[in-house]
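Since the structure comes first, as structure tokens, the remarks are kept for the end.
Within every chain, numbering begins at 1; the chains are lettered A, B, ... in the order of the sequence lines, protein sequences first and strands thereafter.
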Number of protein chains: 2
Amino acid sequence: MLSQTVEYALRAVVHLADHAPEARTTDQIAEATHVPKPYLSKVLQGLARAKIVHSRRGAGGGVTLAKTPDKLTILEVVNALEPLPRIRECPLGLAAHGVRLCPLHKRLDDAFAIMEKAFRQTTLAEILAEPTSSRPLCEGPKRIRLK
Amino acid sequence: MLSQTVEYALRAVVHLADHAPEARTTDQIAEATHVPKPYLSKVLQGLARAKIVHSRRGAGGGVTLAKTPDKLTILEVVNALEPLPRIRECPLGLAAHGVRLCPLHKRLDDAFAIMEKAFRQTTLAEILAEPTSSRPLCEGPKRIRLK
DNA sequence: CAGGAATTGGATGTCAAGGTCCATTTCGGA
DNA sequence: TCCGAAATGGACCTTGACATCCAATTCCTG
């Protein structure tokens, strides 16, 4: 559910939003989010292809958000890398083309629809503005067991 | 999202509920649900281990639901094979043990919680009783492209 | 314009999910 | 009691997700 890749992407994007509009290097993001740097670079490439972030090479380069945090939703980030699996037609591949799903798949898709809605309504800015004590990425000086 | 295995399990269980309390063989279920028989047998074994279904070997054997359809929920089936990934502590492995999640992971877990609730409220009987024309498994004589 | 900082792209490795196959065990019926 | 129907368990194969590493490219700065 929500692949590891998406989890990593969300952490990275939250970090970028937290520092917007300044650019951050892959190393800085990797350290802050505890994502393996080599893999993070791939994830970031994916986000760049999807126009979620911009990246600039060379000295002084790094990654920045393509939008301001108040215009970027969780859904956009999720869908950029692994679209929510909405069920649009009978997975059994039978008749019903565009026709409404059988009760089982209707229920499942309803659940995904609710998730999609929740994600579409949440912007990065909202996450950062949350009136809570704990910082968005649980950042802190002490790093414990990664498991 | 919701692995293929879970999708197969749900189809199988719906089929069993539709024929309850009679036993169905793996072959019968495989044909009705369009799930590859060899793999279906593994899925069914998993459901049996989780006490969702009973299975009897030998001639006249087959698989039956362990509960009546009105007492079996989608959530039970899902959790038997791949529990919904509720986020109980900071995935970054930092401090906050049992403490409340950072805003990002709180939002994600909220979405899973909603899904969980929806699944817990839906019984197999409800799915079968749905006032709709299309049968639960989109069953029908004509089999089209599986893709 | 040279050197280092930084992303990019490609090749490669690892592991679990999905899927198949077969020998074995279990059980009903003739 | 014997045969065939049926699930079981284990071995095996394939593919994609996750992850790593390195050479090439880009571009700022002195």
Side-chain angles (χ1 to χ4, degrees), chain A residues 1-12 15-16 19 22-66 78 80-83 85 91-92 146-147, chain B residues 1-13 15-16 19 22-66 78 80-83 85 91 146-147:
Chain A
M1 208 77 127
L2 281 211
S3 70
Q4 195 69 10
T5 299
V6 168
E7 160 77 23
Y8 289 167
L10 287 172
R11 288 189 208 171
H15 178 79
L16 286 175
H19 289 262
E22 288 160 29
R24 306 293 288 171
T25 69
T26 301
D27 290 77
Q28 290 173 325
I29 304 173
E31 167 145 28
T33 60
H34 296 127
V35 174
K37 181 172 46 174
Y39 192 64
L40 177 63
S41 73
K42 297 299 184 192
V43 176
L44 256 12
Q45 278 180 39
L47 290 177
R49 267 193 299 275
K51 312 282 190 189
I52 302 290
V53 302
H54 284 152
S55 60
R56 277 218 349 253
R57 298 191 185 190
V63 182
T64 54
L65 287 187
V78 171
L81 298 177
E82 284 191 42
L92 288 146
L146 241 300
K147 165 75 185 351
Chain B
M1 209 78 125
L2 281 212
S3 70
Q4 195 68 10
T5 299
V6 168
E7 160 78 23
Y8 289 168
L10 288 171
R11 288 189 207 171
V13 165
H15 177 78
L16 286 175
H19 289 261
E22 288 161 29
R24 306 293 288 173
T25 69
T26 301
D27 290 78
Q28 291 172 324
I29 304 173
E31 167 146 26
T33 60
H34 296 127
V35 174
K37 180 173 45 173
Y39 191 64
L40 177 62
S41 73
K42 297 300 183 191
V43 175
L44 256 12
Q45 278 180 40
L47 290 178
R49 268 193 298 275
K51 312 284 190 189
I52 303 290
V53 302
H54 285 151
S55 59
R56 277 222 344 258
R57 300 189 184 191
V63 181
T64 54
L65 287 187
V78 171
L81 299 176
E82 285 191 40
L146 243 300
K147 170 67 181 346

Roughly, in whole Å, what's the span from CD in Q45(B) to P in dT25(C)?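 Rounded to whole Å, this separation is 15 Å.
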Interatomic distance where CD1 belongs to I29(A) and P belongs to dA6(C) [whole Å]: 12 Å
Determine, stepwise, if the pair V35(B) / V43(B) fulfils side-chain contact (heavy atoms from CB on, under 4.5 Å). CA-CA 10 Å; V35(B) 174; V43(B) 175; 5.9 Å; no
side-chain contact (heavy atoms from CB on, under 4.5 Å) between L16(A) and V53(A), worked out: CA-CA 9 Å; L16(A) 286 175; V53(A) 302; 3.9 Å; yes
So how far is it from R24(A) CZ to T64(A) OG1, rounded to the nearest 0.5 Å?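 One gets 12.0 Å once the value is rounded to the nearest 0.5 Å.
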OP1, OP2 of dA6(C) versus side-chain N and O of T26(A): anything below 4.0 Å?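 Indeed not, no polar side-chain atom of T26(A) lies that close.
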Taking only residues two or more places apart in sequence, or in another chain, which ones meet [X] in a side chain to side chain contact (heavy atoms under 4.5 Å, CB included)?
{"X": "P38(B)", "result": "P36(B)"}
{"X": "P85(A)", "result": "F112(A), M1(B)"}
{"X": "P83(B)", "result": "N79(B)"}

side-chain hydrogen bond (donor to acceptor under 3.5 Å, both in side chains) against [X], all qualifying residues, sequence neighbours excluded:
{"X": "K37(B)", "result": "D27(B)"}
{"X": "S41(A)", "result": "none"}
{"X": "S3(A)", "result": "E82(A)"}
{"X": "Q45(B)", "result": "none"}

Using the C1' atoms of the five pairs at each end, what is the angle between the end axes of the helix from dC1(C)-dG30(D) to dA30(C)-dT1(D), to 10°?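 It comes to 10° between the two terminal axes.
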side-chain contact (heavy atoms from CB on, under 4.5 Å) between L47(B) and V63(B), intermediate numbers included: CA-CA 10 Å; L47(B) 290 178; V63(B) 181; over 6 Å; no
Let's see if you get this right: which residues in residues 56-65 of chain B place a heavy atom under 4.0 Å from DNA chain D?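 Contacts with DNA chain D under 4.0 Å: R56(B), R57(B), G58(B), A59(B), G62(B).
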Could you run down nucleotides 15-22 of chain C 5' to 3' and tag each one B, S or - for protein heavy-atom contact under 4.0 Å? ---BBB--
Are L44(B) and T26(B) side-chain neighbours, meaning at least one heavy-atom pair lies under 4.5 Å? yes
Covered region of DNA chain D, 5' end to 3' end, by chain B [heavy atoms, under 4.0 Å]: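 Listed 5' to 3', the contact boundaries are dG4(D) to dG10(D).
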Tell me, which pairs form a salt bridge (charged side-chain N to carboxylate O under 4.0 Å, His left out) where one or both residues lie in residues 1-10 of chain A, sequence neighbours left out? E7(A)-R11(A)
